[in-house]
Amino acid sequence: MTKRGNRQPGQEAPESAALQLLDGGGTNTTVPAPVDPPDWLSDEATTIWHTLAPRTAPGTLTQGTAPAFALLATALATYIDADQMIQTAGVLIAEGQGLAPNPALSIRDRADAAVGKWAKLFGLLPDARTAAPATPEQPRTLPHLVEGG
């Protein structure tokens with residue numbers, strides 16, 4: 001038996017598990033089966049699902065997390081719909097003799113909060129403390145992801 005620090009010539013030291021992971025070895029290289037969106041998703045949310053699903057962090061989109069991912073797709077579809085309403089009608093709308101905030105603003109704000117929460121859980125948003133800065137070639141925003149950028 002070889003003592004620590006006394007390797008025989010030509011004998012390599014075993015690689016630690018951490019080094020194996022860094023080298024890409026010692027990991028499960030099987031690709032998980034794609035997860036289909038639930039039937040109850042709207043057409044727009046289903047399109048968003050198919051656009052974002054391949055961009056999720058490895059291992060985060062599973063049969064068990066599919067309902068949460070469906071909430072992300074639905075929230076993003078809701079955000080898009082509400083934003084289109086705001087762009088069409090404006091931030092202020094006529095109400096009686098005056099103007100009032102467009103109700104779609106609060107719908108969009110709630111959807112925005114939900115999108116941020118779910119997108120972070122699926123690794124779709126970078127960690128601001130550790131992420132590389134965005135560049136024109138690689139923007140790091142959900143609209144760019146949805147648009148296929």
message: Going by side-chain hydrogen bond (donor to acceptor under 3.5 Å, both in side chains), name the pairs with one or both residues in residues 61-71, residues two or more places apart or in two chains.
response: Thr62-Thr65
field: Taking every non-hydrogen atom, the tightest pair across Pro37 and Leu41
entry: CB-CD1, 3.7 Å
field: Gap between atom CG of Leu52 and atom OG1 of Thr47 - 0.5 Å precision
entry: 11.0 Å
field: Pairing residues for Ala53 by the side chain to side chain contact (heavy atoms under 4.5 Å, CB included) criterion, not counting sequence neighbours
entry: Trp49, Leu61, Phe69
Joint hydrophobic cluster, Leu76 plus Leu121, side-chain heavy atoms closer than 4.5 Å: yes
message: Show me the pairs that pass salt bridge (charged side-chain N to carboxylate O under 4.0 Å, His left out) and involve residues 36-47, at least two apart or across chains.
response: none
Determine all donor-acceptor pairs shorter than 3.5 Å in which one atom belongs to a side chain in residues 78-96; sequence neighbours excluded.
from, atom 1, to, atom 2, distance (Å)
Thr78, OG1, Thr74, O, 2.9
Asp83, OD1, Arg108, NH1, 2.7
Asp83, OD2, Gln87, NE2, 2.5
Thr88, OG1, Gln84, O, 2.9

task: Check side chain to side chain contact (heavy atoms under 4.5 Å, CB included) between Thr60 and all other residues, then give those that pass, not counting sequence neighbours.
output: Thr56, Ala57, Phe122
Separation of Leu72 CG from Leu124 CG (nearest 0.5 Å): 6.5 Å
- line: Heavy-atom nearest pair, Ala111 first then Ala75, reads CB-O, 3.4 Å
